[in-house]
Amino acid sequence: PRFKKKFRSNSFRLDGAVHCADGKISLPTFGLCRLKEKDYLPEKRFTSVTVSTQAGRWFVSVPDEVELNANASPNLSQEIIGIDLGVRHLATLSSGEVFQAPNTDRLEKRLKRYQRHYARQKPKSNNKTKTRKTIQRLHLNIANQRKDTLHKLTSLVVKTKRPKRIVIEDLNVTGLLKNP
């Protein structure tokens with residue numbers, strides 16, 4: 001595909017018969033493409049997919065319908081959990097559990113060095129393109145670490161505690177960090 005935006009993540013939608021089988025996906029106009037994750041997508045037909053690229057990696061998003069059992073009542077506990085967002089820690093639960101933010105110092109240091117290097121390179125050179133791709137991968141890596149930590153925190157709270165209600169403090173943490 002030819003994208004209109006330069007140096008950004010892009011996506012496009014493909015409509016038509018899309019088949020999934022044996023760790024491969026058949027896309028209209030592209031043909032058969034190998035999937036990195038095996039047995040992840042159900043083996044059936046889909047009407048449309050969204051293909052996106054981010055930091056040189058390609059992703060396929062497939063819509064799927066899942067039937068939920070409305071009669072099954074979840075065994076929720078009667079407790080209410082409060083989550084306090086912090087400056088030093090990622091979050092603190094009302095039960096006293098403290099969750100640390102992911103340590104991305106090493107990656108941020110590398111990112112800073114590559115960005116400095118990128119700013120000094122000759123415009124439109126091949127080396128500048130390579131450095132830009134490295135910077136994109138580092139940004140993606142840092143973002144993925146933060147997302148992973150948040151997913152682990154939320155799933156731990158919901159799956160193990162099974163609270164009736166979750167209350168989250170609404171604070172502007174970034175503003176608090178700027179204020180001495």
Side-chain angles (χ1 to χ4, degrees), residues 8-14 18-25 27 33-111 135-179:
R8 291 212 182 155
S9 305
N10 289 284
S11 66
F12 58 92
R13 193 176 176 91
L14 291 173
V18 178
H19 309 283
C20 256
D22 298 337
K24 294 178 183 172
I25 188 165
L27 300 172
C33 298
R34 212 168 27 93
L35 293 173
K36 179 110 176 163
E37 297 170 342
K38 307 284 187 257
D39 303 325
Y40 190 72
L41 291 174
E43 293 187 8
K44 62 181 196 179
R45 284 175 175 253
F46 300 101
T47 53
S48 67
V49 293
T50 302
V51 180
S52 60
T53 177
Q54 196 174 17
R57 293 184 179 183
W58 292 85
F59 300 93
V60 178
S61 301
V62 182
D64 195 19
E65 291 181 17
V66 178
E67 223 174 283
L68 295 174
N69 189 357
N71 297 334
S73 62
N75 52 350
L76 300 174
S77 68
Q78 293 301 315
E79 73 172 316
I80 297 171
I81 288 188
I83 300 176
D84 180 30
L85 300 177
V87 178
R88 289 195 196 119
H89 309 291
L90 177 66
T92 307
L93 298 184
S94 56
S95 61
E97 285 182 77
V98 177
F99 292 94
Q100 297 295 331
N103 189 3
T104 56
D105 293 343
R106 187 179 52 85
L107 288 173
E108 285 171 357
K109 196 173 178 183
R110 276 179 59 198
L111 178 66
I135 289 170
Q136 286 175 343
R137 279 195 300 273
L138 281 170
H139 273 298
L140 185 67
N141 202 340
I142 292 168
N144 285 343
Q145 279 188 12
R146 289 180 178 154
K147 281 181 197 170
D148 181 57
T149 306
L150 285 176
H151 281 302
K152 284 177 181 173
L153 168 67
T154 52
S155 58
L156 181 109
V157 167
V158 173
K159 288 179 182 173
T160 60
K161 308 285 186 197
R162 310 282 299 165
K164 183 178 178 183
R165 188 173 287 147
I166 298 173
V167 182
I168 299 176
E169 181 183 32
D170 187 23
L171 270 184
N172 183 7
V173 178
T174 330
L176 284 173
L177 286 170
K178 289 179 184 174
N179 189 356

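Numbers here simply count residues along the sequence, with the first being 1.
The two residues Q145 and L107 make their nearest non-hydrogen contact at NE2-CD1, 3.4 Å. The shortest heavy-atom contact between F46 and P63 is CD2-O, 3.3 Å. Nearest approach of T50 to S11, heavy atoms of both residues: CG2-CB, 4.3 Å. For the pair L140 and Q54, the tightest heavy-atom approach, listed with the atom from each and the gap, is CD1-CD, 3.5 Å. Of all heavy-atom pairs between S48 and R13, the closest is OG-NH2, 3.0 Å.
Applying the salt bridge (charged side-chain N to carboxylate O under 4.0 Å, His left out) test to every pair with at least one member in residues 144-153, sequence neighbours left out, gives these pairs: E108-R146, D148-K152.
Atom CG of N141 is separated from atom CZ of R110 by 8.0 Å, given to the nearest 0.5 angstrom. Remark: L150 CG to F99 CZ distance equals 11.0 Å, nearest 0.5 Å. If you take OG1 on T47 and CG on L14, they are separated by 11.5 Å, rounding to the nearest 0.5 Å. If you take NE2 on H19 and CG on L27, they are separated by 10.5 Å, rounding to the nearest 0.5 Å.
Considering only residues two or more places apart in sequence or on other chains, R34 meets the salt bridge (Lys or Arg N to Asp or Glu O under 4.0 Å) condition with none of them.
Of the options T154, L93, I80, I83, a side chain to side chain contact (heavy atoms under 4.5 Å, CB included) to I166 is made by I83 and by none of the others.
Counting heavy atoms from C-beta on, the side chains of T149 and L90 come closer than 4.5 Å.
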